[in-house]
Amino acid sequence: MLFTGLEMIALVDCNNFYVSCERLFNPRLESLPVIVLSNNDSCVVSRSNEAKTLGIPMGAPFFSIEKIVRSAEVKFLSSNYALYADISSRVLSVLADFGFPLEQYSIDEAFMDVSACPRKNLQALSVDFLQRIRQWTGIPVSVGIAESKTLAKIAGSIAKKKNTIQTEVFEDPIVLDEILGRTPCSDLWGVGARFAKRLSAKGICTALELRDAAPSVLRSAIGVQAQRTAMELAGENCMAMEEIPPPRKSVCVSRSFSRPVSEMEEIAEALSSYSSGASAKLRKDGLLAAEISIFLLERRINGIAASRSLSYSLPEATNSAPLLISAAKNLLEKIFVPGISYVKAGVILLELSSAKNRQGTLFGDESLQKTEKVSCIIDSIREKYGKYSISYASEGFGKNWEMRRNFRSPSYTGDWNSLPVCR
DNA sequence: TCTGGGGTCCTAGGACCC
DNA sequence: TCTGGGGTCCTAGGACCC
C-alpha cells in the first residue's frame, strides 16, 4: 500500500463577508462600524470589526441594538444576496485556480484538500491564498490549515484573531494540545448549545477533554456526532470532502411578512409567489418535485409560535409553476383558519428527482408538459428583462405583505443599470 | 411592539411484516 | 385468557450549520 501521509485540510473563510461585499462598492464604509441586516431588516447577520468592538452580537434583533446604532453612528444595510452570491463565486474561482480538491461549504467558506502540498510549504501556501483573493476580488479572508475539517475550523478562528496576516497552520502537536485545552466545546464546529451542555454534564468542557473521552461514552450519552467530532480532533478525517455537492433533497422558499396578515387572499398571493420562486429553483437545477408542502406561522404568544402545515403528493413529478401554485393554494384553503394573524409562510418542495430521466405515467398529462414549457419561457423573460418584468397574476400586484428591505444597496454586479459609475 | 432563511443529519417511536 | 422476536420503513422533532 502506498503511504500518502496524513491529510491536510485548508479552510478559507471570508471575513465579515456581507459587510466586506458592501465595502467593495462603497469604500466610504471602510473603517466605520457597519452591519448587514437579515430579511425584513430584523436581525444582524454580518458585522464589521468596528461593530463587533461596539459589542453588537451576531443575530441580535435590530430593535435591541438601536441605541448603540444611533449613538455610535453605525451604518446599517439590508442584505443584498444577489451581490453576495456573485462575489462568492468570484472568490471560489480564484481558489479553484490553485488546483486542489475544493468544496464550497457555505457562501463565505470553502475547504480544500491540500495534502499534496509539502508540509514545509503550507505556511507559504496559506499566505498565497489570502493575498491572491484579496488582490483579485478585494475580499479579506482568513485561512486555517490542519489535519481535519474540525481542526481547520479551529485554526481558522485563531487566524481570524491575528492582527497581521490571518493564517494559522497546525503543525506542532504540543502547541495543538495547548490550543485544544483552552478551546471550549461550545466553540467547536458541530457542537451547539445543547450538545455543549450535555457534554459538560459528563465533565467534558474543552476540546482536549472531548478528544480524549471514551468513544463509547460519547456515542451513548450524546450521539454519533460527538464521537465523530472527537475523532476529527484527534486528526482523523471523518468528514469527506464533497467536491461535487450532493443532489439536494428539498427546495424551500419562505418569508416573514412585513406585518401580520390575516386575509387568506394575501397569504395566497405570497404562497403563489414563493411557489413560483421554488419552481424556478427546480428548473435551474434540472429537477422535478413529487411533493409539495406549505406552512403558516402564527404570531408569537408568550414567545411560542404555533405553526400549521400540510403536504400533498403530486400525481406526477413536475417543475411547472402554474401547477405548483394551484397545489399550494389548494393546501392553503384546507389549513387556513380565519381570524388568526400569520407572520410567515413558506413552500417546501420534496421528493426531488432529475428532470432528465423523468418517469412518465401511463396516462401522462400533456398539459403538464405545456405549462412546464411556459414556466421556462417566463424564466428566460425574467433573465433578460429583470425579475419583476413578468409575474403570475395570482402573485398579486400590491404585495404590501412583502418583506422590508429598506436599506438595500444596488445590485452592482448583477444588473447593467446598477453598475457603479466613475466620475 | 419589533427575533431571517435555507438546508442537512440523527434519533426515537410507531406501524407493519413474517 | 394466554400474546415472541427480529427486522424494516416512515415520520416528527431535535440539533446543527452559515
Side-chain angles (χ1 to χ4, degrees), chain A residues 11 13-18 35-47 56-67 69 78-81 84-85 88 103-111 149-150 153 156-157 185-199 218-229 238-240 242 245-260 270 274 277-278 281 285 291 293 295 297 299-305 307-311 313 341 343-352 402-406:
Chain A
L11 171 73
D13 190 350
C14 300
N15 296 344
N16 317 332
F17 184 55
Y18 297 171
I35 55 174
V36 173
L37 303 171
S38 64
N39 280 335
N40 252 342
D41 297 331
S42 313
C43 297
V44 177
V45 290
S46 183
R47 306 161 294 158
I56 296 175
M58 185 66 168
F62 187 61
F63 69 85
S64 72
I65 54 155
E66 230 170 334
K67 246 186 193 166
V69 167
S78 307
S79 30
N80 185 346
Y81 292 108
Y84 311 149
S88 171
E103 171 191 338
Q104 176 165 26
Y105 173 65
S106 72
I107 194 164
D108 66 343
E109 281 173 70
F111 288 110
K149 287 182 174 177
T150 304
K153 281 284 228 181
S157 71
C185 286
S186 54
D187 283 5
L188 293 171
W189 186 48
V191 180
R194 302 293 172 91
F195 282 177
K197 208 171 160 192
R198 277 155 74 180
L199 284 169
L218 290 176
R219 177 115 196 189
S220 59
I222 292 101
V224 66
Q225 190 63 40
Q227 197 189 351
R228 222 173 267 163
T229 300
C238 21
M239 311 204 184
E242 280 171 358
R248 65 155 106 210
K249 295 173 178 169
S250 66
V251 166
C252 172
V253 173
S254 72
R255 297 280 182 278
S256 297
F257 302 130
S258 53
R259 53 171 173 81
Y274 307 160
K281 286 191 191 181
D285 290 358
E291 187 182 338
S293 172
F295 66 88
L297 204 67
R299 208 201 316 232
R300 278 170 217 245
I301 296 168
N302 298 329
I304 297 161
S307 71
R308 54 189 74 235
S309 68
L310 192 62
S311 40
S313 292
S341 290
V343 294
K344 180 177 179 176
V347 171
I348 305 170
L349 304 178
L350 301 140
E351 298 291 306
L352 307 185
E402 209 167 37
M403 65 186 182
R404 290 181 296 267
R405 282 189 299 195
N406 294 336

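Per chain, numbering begins at 1; letters A, B, ... match sequence-line order. Please read all numbers here as calculations on a predicted model, not as lab measurements.
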By nearest atom, which of the nucleotides [options] is closest to the [X] side chain?
X        : options               : result
A:Arg255 : C:dA15, C:dC18, B:dG6 : B:dG6
A:Ser38  : B:dG4, B:dG6, B:dT3   : B:dG4
A:Lys249 : B:dC9, B:dG4, C:dC18  : B:dC9
A:Glu109 : B:dG4, C:dC18, C:dC16 : C:dC18
A:Ser42  : C:dC17, B:dT3, B:dG5  : B:dT3

Please state how far atom [atom1] in [X] lies from atom [atom2] in [N], giving the value in whole angstrom units.
X        : N      : atom1 : atom2 : result
A:Met58  : C:dC17 : CE    : C1'   : 12 Å
A:Asp41  : B:dT1  : CG    : C1'   : 16 Å
A:Phe295 : C:dA12 : CZ    : P     : 15 Å
A:Asn40  : B:dT1  : CG    : P     : 19 Å
A:Leu37  : B:dC2  : CG    : P     : 17 Å
A:Asp108 : C:dC17 : CG    : P     : 14 Å
A:Arg219 : B:dT11 : CZ    : C1'   : 11 Å
A:Lys149 : C:dC17 : NZ    : C1'   : 12 Å

On the nucleotide [N], are OP1 or OP2 found under 4.0 Å from the side-chain N or O atoms that [X] carries?
X        : N      : value
A:Lys344 : B:dT3  : no
A:Ser254 : B:dG6  : yes
A:Arg228 : B:dC9  : no
A:Lys281 : B:dG7  : yes
A:Arg300 : B:dC2  : no
A:Lys153 : C:dC18 : yes

- [ ] Report yes if the side chains of A:Tyr84 and A:Val36 come closer than 4.5 Å at any heavy-atom pair, otherwise no.
- [x]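 With C-beta onward as the side chain, the pair touches.
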
TODO: Evaluate the side-chain proximity of A:Glu291 to A:Leu349: yes if any heavy-atom separation is below 4.5 Å, no if none is.
DONE: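 Heavy-atom side-chain distance check fails, nothing below 4.5 Å.
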
Open item on the list: What's A:Ala193 touching, base or sugar-phosphate or nothing? Going by heavy atoms closer than 4.0 Å.
Closed with: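 Touches sugar-phosphate only.
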
- [ ] For A:Tyr105, report the nucleic acid contact type (base, sugar-phosphate, nothing); a contact means any heavy atom under 4.0 Å.
- [x]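 Counting heavy atoms under 4.0 Å across all strands, the contact made by A:Tyr105 is with sugar-phosphate only.
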
Open item on the list: Nearest 0.5 angstrom please: A:Cys252 SG to A:Ile348 CD1, how far?
Closed with: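 Atom-to-atom, A:Cys252:SG and A:Ile348:CD1 are 4.5 Å apart.
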
- [ ] Between B:dC16 and C:dG4, how far apart are the C1' atoms? Round to whole Å, please.
- [x]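 Result for the C1' pair: 15 Å, nearest Å.
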
TODO: Please state whether the rings of A:Trp189 and A:Phe111 are parallel, tilted or perpendicular, taking 30° and 60° as the class boundaries.
DONE: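 The rings of A:Trp189 and A:Phe111 sit tilted, inter-plane angle from 30° to 60°.
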
Task: Which residue lies more 5' along DNA chain B, comparing A:Ile222 with A:Ser250 via nearest heavy atoms - done: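 Upstream on the strand: A:Ser250.
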
Task: Nearest-nucleotide 5' precedence on DNA chain B, A:Arg248 against A:Pro61 - done: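 Upstream on the strand: A:Pro61.
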
Open item on the list: Between the side chains of A:Glu109 and A:Lys149, is the shortest nitrogen-to-carboxylate-oxygen separation below 4.0 Å, so that they form an ion pair?
Closed with: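 Not counted as a salt bridge, because no side-chain N and carboxylate O are separated by less than 4.0 Å.
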
Open item on the list: Tell me the closest heavy-atom pair linking A:Phe295 and A:Ser254, and the distance in Å.
Closed with: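 That closest heavy-atom pairing would be CZ-CB, 3.6 Å.
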
Task: G-U wobble or Watson-Crick pairing nucleotide for B:dG6 (cut-off 3.5 Å, both distances) - done: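 For B:dG6, the partner nucleotide comes out as C:dC17, under the 3.5 Å rule.
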
